[in-house]
S.K.: 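The structure follows.
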Amino acid sequence: MMFRSAATLVLLACSSCLWAASPIPGVSEVSVQGAVEAAGTVQVQAGGRISDVLNAARPSAAAYLLGSSLQREQERQDQLRQRAGLLHTLSQLPQHENLDVRAAGELLHEWLEAHPATGRVRLVLDRRLMQVQPPHNPVARQGDSIIIPLRPQTVHVVGAVIQPCTLPHQPLQDAKAYLARCPVSNAADPDTLYVVQPDGLVQALGIAAWNRADPQPVAAGGTVYVPVRESAMKHIDTSFNEDFASFIATQPVDP
């Protein structure tokens with residue numbers, strides 16, 4: 001009899017755990033991490049907006065909203081396919097005739113291996129701005145995740161470089177100037193540079209004499225991507241550099 005009672009209690013306990021872990025009908029649960037006053041799981045009624053989640057979590061005064069990220073499962077699935085395509089292209093570079101291109105491919109492969117698909121959606125999570133701009137204030141979905149970092153003090157440089165670099169952020173400094181402290185390899189494209197801003201905006205910049213763009217600063221937490229020489233990729237994947245830069249944009253900003 002005591003054994004049966006104990007077993008019943010265990011079953012009841014397990015069923016209550018399962019019930020607690022199941023989504024609540026009519027409620028979306030969103031995970032919020034980082035520089036907020038109330039981190040954890042936020043529940044909003046069906047139809048509630050991301051700004052409602054932010055109002056409940058209350059980003060701190062030190063929050064770096066430009067680098068905040070909303071991550072969603074549907075977008076993660078799309079990014080998994082994008083990442084697989086990039087890895088497939090990189091798998092062809094070890095046979096490339098140019099040794100510098102091979103070396104660049106190895107570094108890019110290492111970077112991809114260290115950066116999974118996240119599901120990040122390009123959206124600045126400024127709750128006040130979102131409330132007056134409904135198109136930029138999506139409905140919260142079950143399983144959404146929000147990460148709000150502190151303001152970083154660095155800029156990353158990756159791609160066709162001798163070694164990836166993390167450099168001190170210099171306000172208003174042109175993106176190309178960061179290459180003085182992070183030398184590019186002979187595989188680097190001489191005409192183009194990509195800037196990935198912390199909000200996920202990707203900018204392609206001309207850097208040669210014939211196509212030079214106006215100076216473009218990189219915001220704190222951004223990334224400068226040095227593309228592989230276009231002539232080396234034209235028979236493999238002509239959109240590789242653009243696709244790689246857009247995948248960098250899916251990564252959350254380092255806190």
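The first residue in the sequence is number 1, and the count goes up from there.
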S.K.: Whether the side chain of Arg151 engages the backbone of Gly221 through a donor-acceptor N/O pair (distance < 3.5 Å, no angle test) should be reported.
M.R.: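 Looks like no, no N/O pair under 3.5 Å.
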S.K.: Whether the Asp100 and Ser185 side chains hold a donor-acceptor pair (N or O, under 3.5 Å, no angle test) is what I'd like checked.
M.R.: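 Short answer, no.
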S.K.: Shortest non-hydrogen contact from Gln251 to Phe247?
M.R.: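 Nearest pair, atom of Gln251 first, then Phe247: NE2-CE2, 3.6 Å.
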S.K.: Under 3.5 Å, is there a donor-acceptor pair linking the side chains of Thr250 and Gln82?
M.R.: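 No, no side-chain donor-acceptor pair sits under 3.5 Å.
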S.K.: Any side-chain heavy atom of Pro168 sitting closer than 4.5 Å to one from Gln173?
M.R.: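 In short, these two side chains do not touch, never coming nearer than 4.5 Å.
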S.K.: Could you check whether any side-chain N or O of Glu242 sits under 3.5 Å from a backbone N or O of Ala204, counting only pairs where one atom can act as donor and the other as acceptor?
M.R.: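 No.
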S.K.: Could you tell me if the side chain of Pro198 sits less than 4.5 Å from the side chain of Tyr64, heavy atoms only?
M.R.: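 Yes, close enough: below the 4.5 Å cut-off.
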S.K.: Taking Gln216 for its side chain and Asp174 for its backbone only, find out whether a donor-acceptor pair lies under 3.5 Å.
M.R.: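 Side chain of Gln216 to backbone of Asp174: no pair is present.
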S.K.: Which heavy atom in Ala249 sits nearest to a heavy atom in Gly200, and how many Å separate them?
M.R.: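 For Ala249 and Gly200, the tightest heavy-atom pair comes out as CB-O, 3.5 Å.
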S.K.: Looking at every non-hydrogen atom in both residues, tell me the closest pair between Val226 and Ala188 and how far apart they are.
M.R.: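 That would be CG1-CB, 3.6 Å.
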S.K.: In terms of hydrophobic clusters joined by side-chain contacts under 4.5 Å, are Leu205 and Val202 together?
M.R.: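 No, it is not one cluster - the side chains of Leu205 and Val202 are not joined through contacts under 4.5 Å.
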S.K.: Identify the two heavy atoms, one from Ala219 and one from Leu66, that lie closest to each other, and give their separation to 0.1 Å.
M.R.: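 Of all heavy-atom pairs spanning Ala219 and Leu66, the closest is CB-CD2, 3.9 Å.
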S.K.: Between the side chain of Arg212 and the main-chain N/O of Ile207, is any donor-acceptor distance below 3.5 Å?
M.R.: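 Looks like yes, one N/O pair under 3.5 Å.
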S.K.: When you measure from the side chain of Gln197 to the backbone N and O of Pro217, does any donor-acceptor pair fall under 3.5 Å?
M.R.: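 Side chain of Gln197 to backbone of Pro217, a donor-acceptor pair under 3.5 Å: yes, one is there.
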S.K.: Where does the angle between the aromatic ring planes of Phe240 and Phe244 fall among parallel (under 30°), tilted (30 to 60°) and perpendicular (over 60°)?
M.R.: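 Phe240 and Phe244: tilted rings.
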S.K.: Is the backbone of Val228 close enough, under 3.5 Å, to the side chain of Asn241 for a donor and an acceptor to pair up by distance?
M.R.: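 Such a contact is found between Asn241 side chain and Val228 backbone.
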S.K.: For the pair Ile50 and Leu70, evaluate side chain to side chain contact (heavy atoms under 4.5 Å, CB included) and give the outcome as yes or no after the intermediate values.
M.R.: CA-CA 9 Å; Ile50 292 298; Leu70 168 65; 4.0 Å; yes
S.K.: With a 4.5 Å limit on heavy-atom distance, are the side chains of Ser28 and Asp144 in contact?
M.R.: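 Heavy-atom side-chain distance check fails, nothing below 4.5 Å.
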S.K.: Side chains of Arg127 and Asn55: donor-acceptor distance under 3.5 Å anywhere?
M.R.: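 Note: Arg127 and Asn55 side chains meet the donor-acceptor criterion.
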S.K.: What heavy-atom pair brings Ala220 and His169 nearest, and what distance separates the two atoms?
M.R.: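 Where Ala220 meets His169 most closely, the heavy atoms are N-NE2, 3.4 Å.
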S.K.: Please report the shortest heavy-atom distance between Glu29 and Gln43, naming the atom on each side.
M.R.: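 Scanning both residues, the minimum pair turns out to be OE2-NE2, 2.9 Å.
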S.K.: Indicate if Leu193 and Val218 have the same hydrophobic cluster label, given that clusters are the connected sets of ILVMFWY residues with side-chain heavy-atom separations under 4.5 angstrom.
M.R.: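 Same cluster.
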S.K.: So does Ala117 get a backbone contact from the side chain of Arg76, meaning a donor-acceptor N/O pair under 3.5 Å?
M.R.: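 Judged by distance alone, no pair lies under 3.5 Å.
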S.K.: Could you verify whether a donor N or O on one side chain and an acceptor N or O on the other, from Gln71 and Glu75, lie under 3.5 Å apart?
M.R.: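 On atom types as modelled, these side chains do not qualify, holding no pair under 3.5 Å.
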S.K.: For the backbone of Gly206 and the side chain of Asn211, can you confirm whether one donor and one acceptor N or O come within less than 3.5 Å of each other?
M.R.: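 It does not hold such a pair.
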S.K.: State which residue, out of Arg128, Arg49, Met130, fulfils the side-chain contact (heavy atoms from CB on, under 4.5 Å) condition with Leu54.
M.R.: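 When Arg128, Arg49, Met130 are each tested with Leu54, the side-chain contact (heavy atoms from CB on, under 4.5 Å) holds only for Met130.
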S.K.: Is a side-chain donor-acceptor pair under 3.5 Å present for Thr166 with His156?
M.R.: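 His156 vs Thr166: donor-acceptor pair found between side chains.
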S.K.: Mind checking whether Ile248 and Tyr194 have side chains closer than 4.5 Å, heavy atoms only?
M.R.: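 Result no, sub-4.5 Å side-chain heavy-atom pair not found.
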